[in-house]
Protein chains: 2
Amino acid sequence: MKKNVSLEKRKTFRHGDLRNALVTAGLEMARAGGPNAVILREATRQAGVAPNAAYRHFAGQAELLDAVRSACLSRVAAAIEDEMKKHKAGRNPQAFARKSLHAVGMGYLGFAMREPGMFRTAFSVPPPVHSPDPANTASMGLNPFQLLSLALDRMQESGLLNRKDRKGAEYLAWSTVHGLALLALEGPLHKMPREMVLALGERLVVMVERGLS
Amino acid sequence: MKKNVSLEKRKTFRHGDLRNALVTAGLEMARAGGPNAVILREATRQAGVAPNAAYRHFAGQAELLDAVRSACLSRVAAAIEDEMKKHKAGRNPQAFARKSLHAVGMGYLGFAMREPGMFRTAFSVPPPVHSPDPANTASMGLNPFQLLSLALDRMQESGLLNRKDRKGAEYLAWSTVHGLALLALEGPLHKMPREMVLALGERLVVMVERGLS
DNA sequence: ATCGAAAAGTGAACACTGTCCACAAATGCC
DNA sequence: GGCATTTGTGGACAGTGTTCACTTTTCGAT
């Protein structure tokens, strides 16, 4: 649909939506080859525009990459939300809390296995820390970090986690799944089959549950 | 300063040790800027040699990077060994096992904080999995993965870990510290002060200990 | 409605990268 | 001593990010 934009030479001198076109092209490159495959000139080529035109919308390639990364982060958040929405709050808050934490971890890992390029792009270079940047968020309006915090809050509220252990628990839980994801994607475990990675992920989440408190 | 080597033009037409010189230069670039800062032409420049000369020793930039990564991995292993050697086996095997595992984790994290560029380079792109490649090893002849296995073996032998849970425990333990390291180095936590990262690391290792079994 | 400033695109250039080719010099081996 | 093999040179090419001067379009104030 919107690819035609790149093929048929546009009639208007102005492109009209160049910034979005560039980000979209960059996103596709990130999907295919990770962060350092997002090439500025190639994006302009796909948008049917001269290379320098990009500089009217981005200060440079780094800024384009930033925009692409935001888009990738948003996808990660969406994947986590999808996983969380599979379980509704029932009459057992502790079971719900466990399921929530589990969903965050496995949603994260599942996306990493499903979309390696986007995942690697999302967490490659310095993104601002807990930015409430609306571009990073999915429908619930929370980024991956905040979704994790939500799950941990449920753990605490349901009595599975005391206040002492709650502090900084985000970082501990996040580290585990993030580490496994990167070891499997671009680390020494990159040959391990995905289902085995996900199985390890299950054990990992259990370990976190047990080890946090 | 150190680059006199590059400044004084060599008398011999042959360089004599070009391969090593290139790896050394590459290692310094990796230290300063991570994996994609190791530039082939720059290495030849520092070695005082024409760019193409590198192709007599490496098939291309990727292969040079591979050699540099091996060197980095070796440093990681050395850091872990240093940490492990701080504790000798006493009369309490369980305490020794715990200290060993702790040392592996903190040696790993400590190196990551101390030498971010080298660490990121060591684990950036696909290295062969558990290669007994002697280039990746330090004085004990073990790479980081094997050092971790050793520590976990001690856990099992001393009865802290049963056979069921021992299987694949390397990957679970490794994931945690690796994840924290990368989140802190090139992820959303890159602004967190190092001592706080190390403090989190302590909690993380404890969590692993408790959560594994 | 006009006209002028600002926005958005073009074209040509530069420095830098990795890589390949044909050739020259040094080494070592018989 | 002569000769093949290694090792380095010089010159070239495509691809990248980036900048500068210029043109075209749009839009808002008069």
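What you see is a predicted model, and the numbers here were worked out from it, not measured in a lab. Note: hydrogens, waters and symmetry copies are ignored here, and every other heavy atom, side chains too, is used. Below, read A as the first sequence line, B as the second, and so on, with proteins coming before strands; counting in each chain starts at 1.
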Considering only side-chain heavy atoms of [X], which listed nucleotide, [options], is closest?
{"X": "A:Arg41", "options": "D:dG17, C:dG18, D:dG8", "result": "D:dG17"}
{"X": "B:Gln61", "options": "C:dG9, C:dG18, D:dT7", "result": "C:dG18"}
{"X": "A:Val49", "options": "C:dG9, D:dT18, D:dG8", "result": "C:dG9"}
{"X": "B:Leu18", "options": "D:dT9, D:dG8, D:dT18", "result": "D:dG8"}

Spell out yes or no: do the side chain of B:Arg56 and the base of D:dT5 have one donor N/O and one acceptor N/O closer than 3.5 Å?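 Donor-acceptor pair under 3.5 Å: no.
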Looking only at N and O atoms, is any donor in the side chain of B:Arg19 or the base of D:dT7 less than 3.5 Å from an acceptor on the other one?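 Result: no qualifying N/O pair found.
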Tell me, with the steps shown, if A:Arg75 and A:Glu115 meet side-chain contact (heavy atoms from CB on, under 4.5 Å). CA-CA 10 Å; A:Arg75 307 290 188 103; A:Glu115 292 289 354; over 6 Å; no
Atom pair distance, as rounded to whole Å: [atom1] in [X] and [atom2] in [N]:
{"X": "A:His15", "N": "C:dA7", "atom1": "NE2", "atom2": "C1'", "value": "16 Å"}
{"X": "B:Asn36", "N": "D:dT16", "atom1": "CG", "atom2": "C1'", "value": "14 Å"}
{"X": "B:Phe58", "N": "C:dT19", "atom1": "CZ", "atom2": "C1'", "value": "16 Å"}
{"X": "A:Leu40", "N": "C:dT17", "atom1": "CG", "atom2": "C1'", "value": "16 Å"}
{"X": "B:Leu64", "N": "C:dT17", "atom1": "CG", "atom2": "P", "value": "13 Å"}
{"X": "B:Asp17", "N": "C:dT27", "atom1": "CG", "atom2": "P", "value": "15 Å"}

Reckon [X] has a side-chain N or O less than 4.0 Å from the OP1 or OP2 of [N]?
{"X": "A:His57", "N": "C:dG9", "answer": "yes"}
{"X": "B:Tyr55", "N": "C:dC20", "answer": "no"}
{"X": "A:Arg45", "N": "D:dT16", "answer": "yes"}

So B:His178 and B:Tyr108, do their side chains get closer than 4.5 Å, heavy atoms only?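 Side chain of B:Tyr108 against side chain of B:His178, heavy atoms only: contact under 4.5 Å found.
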Within the structure provided, determine whether A:Thr176 and B:Leu180 are in side-chain contact (heavy-atom separation under 4.5 Å).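 They are not in side-chain contact.
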Looking at B:Ile80, is its backbone amide N or carbonyl O close enough to the side chain of B:Glu83 to form a donor-acceptor pair, meaning the two atoms are under 3.5 Å apart?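 Here the side-chain-to-backbone pair does not exist.
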Could A:Glu186 and A:Arg120 be called an ion pair, given the rule that one side-chain N must be under 4.0 Å from one carboxylate O?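 Here A:Glu186 pairs with A:Arg120 in a salt bridge, since their nearest N and O are under 4.0 Å apart.
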